Amino acid sequence: MVKRTSFERDDCPIARSLDALGDWWSMLIIREALFGVRRFGEFQKKLGLAKNILTVRLRALVDQGILKTAPASDGSAYQEYLLTPKGRGVFPILVALRQWSEEFDAHPEEIATILVDKENGRPVRKLELHAQDGRLLSAADIALKPRPAGRQARRATA
């Protein structure tokens, strides 16, 4: 297997995020965990993933602090994979990816499900990016600027 380039120390937070989240299998594992899948066999059944690949991806997600292992809740000898707060933080990313696909997929009618609010059964509103004053923002409305030097210096010594 070819070793991936690590972006762990990259100065771009998007590259760092991609380094932590891994590949599409990792995102699909996180998706399943968000819907309650906890055991190795359940992940394998839902995703149709080879055991060796699933083992590597689960280990990487645990190493990244996205999942943690715990004894099985039913008292059996198995272990379960549980999302950490860092793992649950991937939820809006998955929703954004889903909504992007629903909007731009060549065959959206083939998407088998819609995302709804459990409380009222209504479709979830599209994610939006808002300024602190509430204005709706697009890519044309944002820019990158250097992080204040004091904060960088504190991080470097921490």
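The figures here come from the full heavy-atom set of this structure, side chains too, leaving out hydrogens, waters and symmetry mates. This structure is a prediction, so every number in the text was calculated from the model and none was measured. Residue numbers run from 1 in the order of the sequence given.
- Listed for the Gln99 side chain is a donor-acceptor partner under 3.5 Å among the backbone atoms of Arg125.
- A chain of hydrophobic side-chain contacts below 4.5 Å, direct or via other Ile, Leu, Val, Met, Phe, Trp or Tyr residues, connects Val95 to Ile93.
- Side-chain heavy atoms closer than 4.5 Å link hydrophobic residues (I, L, V, M, F, W, Y) into clusters, and following such links, possibly through other members, connects Leu49 to Trp24.
- Within the 4.5 Å cutoff, no side-chain heavy atoms of Leu97 are placed close to those of Arg31.
- The backbone N or O of Lys68 lies less than 3.5 Å from no partner atom in the side chain of Thr84, so there is not a single donor-acceptor pair.
- Considering all non-hydrogen atoms of both residues, Ile114 and Pro123 come closest at CD1-CG, 4.5 Å.
- Counting heavy atoms from C-beta on, the side chains of Phe40 and Gln79 never come closer than 4.5 Å.
- Note on Leu115 and Val37: same hydrophobic cluster, where clusters join Ile, Leu, Val, Met, Phe, Trp and Tyr whose side-chain heavy atoms are under 4.5 Å apart, directly or indirectly.
- Residue Ala20 comes nearest to Ile66 through the heavy atom pair O-CD1, 3.5 Å, listed as atom of the first residue, atom of the second, then distance.
- Proximity of a side-chain donor or acceptor of Arg122 to a complementary backbone N or O of Asp117 within less than 3.5 Å is not detected.
- Note on Leu137 and Trp100: separate hydrophobic clusters, where clusters join Ile, Leu, Val, Met, Phe, Trp and Tyr whose side-chain heavy atoms are under 4.5 Å apart, directly or indirectly.
- For Glu109, the CD atom is densely surrounded, since the number of other residues' heavy atoms within 6.0 Å is greater than 12.
- Counting non-hydrogen atoms of other residues, nucleotides and ligands closer than 6.0 Å to CD1 of Ile14 gives a total of 12 or fewer.
- Atom CZ of residue Arg59 and atom OG1 of residue Thr69 lie 11.5 Å apart, to the nearest 0.5 angstrom.
- Annotation for Gln44 and Ala50: closest pair NE2-C, 4.5 Å, computed over non-hydrogen atoms.
- Taken to the nearest 0.5 Å, the CD1 atom of Ile53 stands 7.5 Å off from the CH2 atom of Trp25.
- A side-chain donor-acceptor contact under 3.5 Å links Glu42 to the backbone of Arg38.
- For the pair Lys46 (side chain) and Leu28 (backbone), a donor-acceptor distance under 3.5 Å is absent.
- Clustering ILVMFWY residues whenever any of their side-chain heavy atoms sit less than 4.5 angstrom apart, transitively, puts Tyr78 in a cluster other than the one holding Val62.
- Taking NZ of Lys126 as the start and CD of Glu103 as the end, the distance is 3.5 Å to the nearest 0.5 Å.
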Inset, instruction - Starting from the C-alpha separation in whole Å, work towards a yes-or-no answer on side chain to side chain contact (heavy atoms under 4.5 Å, CB included) for Thr113 and Arg98. - result: CA-CA 10 Å; Thr113 60; Arg98 179 189 175 94; 3.0 Å; yes
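- In terms of modelled atom types and a separation under 3.5 Å, the side chain of Glu80 and the main chain of Ser73 share a donor-acceptor contact.
- Between Leu82 atom CG and Leu67 atom CG the span is 8.0 Å, to the nearest 0.5 Å.
- Asp105 contributes no side-chain N or O that, together with a main-chain N or O of Glu102, makes up a donor-acceptor pair within less than 3.5 Å.
- With rounding to the nearest 0.5 Å, the separation of CG in Asp19 from SG in Cys12 is 11.5 Å.
- Heavy atoms only, all atoms of each residue included: Gly65 and Lys86 are closest at O-CB, 3.6 Å.
- Atom CZ of Phe43 and atom CD1 of Ile29 lie 6.5 Å apart (nearest 0.5 Å).
- In this structure, the side chains of Leu21 and Ile30 come closer than 4.5 Å at one or more pairs of heavy atoms.
- Donor-acceptor pairing under 3.5 Å is lacking for the side chains of Thr55 and Asn52.
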